[in-house]
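Written below as structure tokens is the structure these notes are about.
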Amino acid sequence: MADSKREIERKYEATAETRLPDLSRVAGVSAVAHRGVSELDAVYYDTEDLRLVAGSLTLRRRTGGSDAGWHLKFPVASGIRDEFQEPLSDTLPPSLAGLLRSRVRTSELVPVVRLRTARDVHHLLDAEGALLAEVSIDTARAERLTGGSGTAAWTEIEVELADDGDPALLDAVERRLRKAGVHPSASPSKLARALAETAPERKRKRDKGARGKAGQPTAGDHVLAYIRHQTEAIVVLDPAVRRDLPDSVHQMRVATRRLRSALRTYRKILDRSVTDPVGDELKWLAAELGIDRDQEVLDARLRSGLAGLSGTLVLGPVRSRLRIWSVARRGGSRHRTVAVLDGKRYLALLESLDVLLAAPPLLPAASHAPEQALPRAVLKEYERLAARVGHALELRPGHDRDLAMHDARKAAKRARYAAEAARPALGKPAKRIAKRMKAVQTLLGDHQDSVVARDALRTLAVQAHAAGEPAFTWGLLYGREEAAAAARERELPQVWERASQPRVRAALDG
């Protein structure tokens, strides 16, 4: 994986005559050291339709300065980006190409802007001479390489916080700059400014005047907005999954399930003959992501159970066996997940979602008011959940009830996601329903996690026994999981009664 760092910086408007105020008077700054002027030459890459720019990403190949090479930046928050670097090479390094795959897919990356910058660098130092921040006056010259041939030039001040620096320093520096008449830049990045200022004149005028008067949002508008949001979530989370960031697989799987649920729930709004094949592919992706995510959940549950035992109840090399078992299973699932994200089937799914959003297969009900069309879809999911909960409660404890409760859990998710999708249009009633369905889903989810944990504990006990190790601890943990599942089953009637009263229809009616 490429080297990475968190970049925290701010940009300010300047002119060729701008001079820095005395920044040694900023609290915490003991000295300002001039480091000279360096010449930077960067070529920025994007697809022909500027997908990276649309996602506020920047990819460049830069020569000059102390960090020549390939730089890829992902937005985190205003003024904060994660930057990935690879050494200088003629072609895009594979590590960076992987992080871009969900956006670029099979499209070609082409040079879009060349930016040559004369950078006058100043270091803000503390009393021990340690770097606090780097302040530079950048004189930039931009040349558009695709979609026109315009040029632009400007001067700006950039203040970048040192690694592990205190962001409060940036506030103090900004106050000093403002007193000197220097104000924040309106552009979030040099690339954004370069593209805006080198755009063909006709396009700039068209963009400036492209504001129409929108009518009242329809049910179709709300459903498509939700689908668009979940699709973007999958695209954004793809690089995080590749980097193995905490909870990234879970969040990507949730977005996949929410998206599939919306396509199934709102079949009266979107033509299912078009959306069902997409839903099938989303089901496949969720299952593939589940291999990694389910192992994460299982590992955490088993470790937690083991940590809750006193030392006298832990017999044999239990922790070592659990660690080896977990690493073996997680390592394989991790490799498989990345392979899925690199596969043609996944990329084809992303393309199909783009096509769906570009030409949505709207049915007549899509033109209805949200208050008319959406509640019916939410109620249908609620009624499915009610039937499944009722069926589970009729069964005796055992394998069949475990399966029925798992089916009810899936229905609870669909009911919850249906309400969440309707919330922007229906407001508090949908919010209340989503909260109630989440309570049911949580209980049923804990029950299912116990079922899965018991199966794993039995496997570990068999392995320990075969190796001549005591199986006592594994059996003890199995018994505790069995008791936890029984407790969830006893709680279900009360939890369901609270979730279903007052009736969902009454809640939607206000």
Side-chain angles (χ1 to χ4, degrees), residues 2-3 5 7 9-16 18 35-75 79 81-97 99-100 103-104 107-121 134 136-160 185-207:
D3 293 334
K5 69 172 185 176
E7 177 187 84
E9 66 178 19
R10 298 182 187 179
K11 297 179 182 296
Y12 301 87
E13 300 286 352
T15 66
T18 299
R35 300 305 188 194
V37 178
S38 58
E39 297 291 334
L40 310 177
D41 191 345
V43 175
Y44 288 80
Y45 289 79
D46 206 333
T47 58
E48 289 282 357
D49 54 357
L50 300 179
R51 296 181 192 176
L52 302 189
V53 168
S56 300
L57 279 70
T58 58
L59 172 67
R60 71 187 177 204
R61 182 184 182 273
R62 190 167 75 182
T63 58
S66 60
D67 61 348
W70 288 90
H71 303 166
L72 172 61
K73 299 184 181 184
F74 284 86
R81 296 187 289 183
D82 281 339
E83 180 177 350
F84 300 86
Q85 300 182 3
E86 287 282 13
L88 201 61
S89 62
D90 292 336
T91 57
L92 178 64
S95 63
L96 301 187
L99 294 175
L100 291 171
R103 292 191 184 276
V104 175
S107 298
E108 182 183 1
L109 286 168
V110 297
V112 293
V113 165
R114 184 181 184 185
L115 191 65
R116 284 168 284 187
T117 305
R119 171 161 288 179
D120 190 4
V121 179
E134 180 176 285
S136 62
I137 301 178
D138 291 346
T139 302
R141 294 159 291 158
E143 176 188 1
R144 197 179 187 100
L145 303 177
T146 187
S149 57
T151 61
W154 70 89
T155 301
E156 67 181 30
I157 295 174
E158 187 175 286
V159 184
E160 182 175 348
S185 173
S187 293
S189 68
K190 286 184 174 65
L191 175 60
R193 183 166 186 168
L195 288 170
E197 295 192 10
T198 62
E201 187 66 22
R202 283 181 300 173
K203 182 177 186 302
R204 274 186 278 177
K205 289 181 179 179
R206 184 169 66 249
D207 290 346

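All of these numbers come straight from a predicted model, not from anything done at the bench.
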Once you round to the nearest 0.5 Å, how far does [atom1] of [X] lie from [atom2] of [Y]?
| X | Y | atom1 | atom2 | value |
| --- | --- | --- | --- | --- |
| D82 | L57 | CG | CG | 10.5 Å |
| Q85 | L96 | CD | CG | 9.5 Å |
| S107 | L100 | OG | CG | 12.0 Å |

Would you check if the side chain of [X] reaches a backbone N or O of [Y] as a donor-acceptor pair within less than 3.5 Å?
| X | Y | result |
| --- | --- | --- |
| D46 | V53 | yes |
| R51 | V104 | yes |
| T117 | R119 | no |
| R61 | L88 | no |

| task | Could you walk me through whether K5 and E7 pass the salt bridge (charged side-chain N to carboxylate O under 4.0 Å, His left out) test, one step at a time? | result | CA-CA 6 Å; K5 69 172 185 176; E7 177 187 84; 5.5 Å; no
Show the nearest heavy-atom pair for residues [X] and [Y], with the distance to one decimal.
| X | Y | answer |
| --- | --- | --- |
| W70 | L59 | CE3-CD1, 4.0 Å |
| A118 | E39 | CB-OE2, 3.7 Å |
| I137 | T18 | CD1-O, 4.2 Å |
| A14 | E156 | CB-CA, 3.9 Å |
| A16 | T155 | N-OG1, 3.9 Å |
| A194 | A142 | CB-CB, 3.7 Å |

Below 4.5 Å, heavy atoms only, C-beta onward: do [X] and [Y] meet side chain to side chain?
| X | Y | value |
| --- | --- | --- |
| R81 | S189 | yes |
| L145 | V43 | yes |
| V37 | D120 | yes |
| L99 | F74 | yes |
| E48 | E108 | no |
| L191 | L115 | no |

| message | Checking T198 against R144 for the side chain to side chain donor-acceptor pair (under 3.5 Å) test, could you report, in this order, the C-alpha distance in whole Å, the side-chain angles of both residues, the deciding distance, and whether it holds? | response | CA-CA 6 Å; T198 62; R144 197 179 187 100; 3.1 Å; yes
| request: Apply the side chain to side chain contact (heavy atoms under 4.5 Å, CB included) test between L52 and each candidate in L109, T47, T58; give the one that qualifies. | output: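 Running side chain to side chain contact (heavy atoms under 4.5 Å, CB included) over L109, T47, T58 with L52 returns exactly one hit, L109.
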| said: Walk me through whether S185 and E13 qualify under side-chain contact (heavy atoms from CB on, under 4.5 Å). | reply: CA-CA 5 Å; S185 173; E13 300 286 352; 3.5 Å; yes
| Checking side-chain contact (heavy atoms from CB on, under 4.5 Å) for the pair R60/V113: CA distance, chi angles, key distance, verdict? | CA-CA 9 Å; R60 71 187 177 204; V113 165; over 6 Å; no
| task | Before accepting this row, confirm whether a basic side-chain N of the pair K190/E158 lies closer than 4.0 Å to the acidic partner's carboxylate O. | result |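 Judged by the 4.0 Å cut-off on N to carboxylate O distance, K190 and E158 do form a salt bridge.
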| Does D41 come within less than 4.0 Å of R116, counting only side-chain N to carboxylate O? |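 Salt bridge between D41 and R116, a charged N being under 4.0 Å from a carboxylate O: no.
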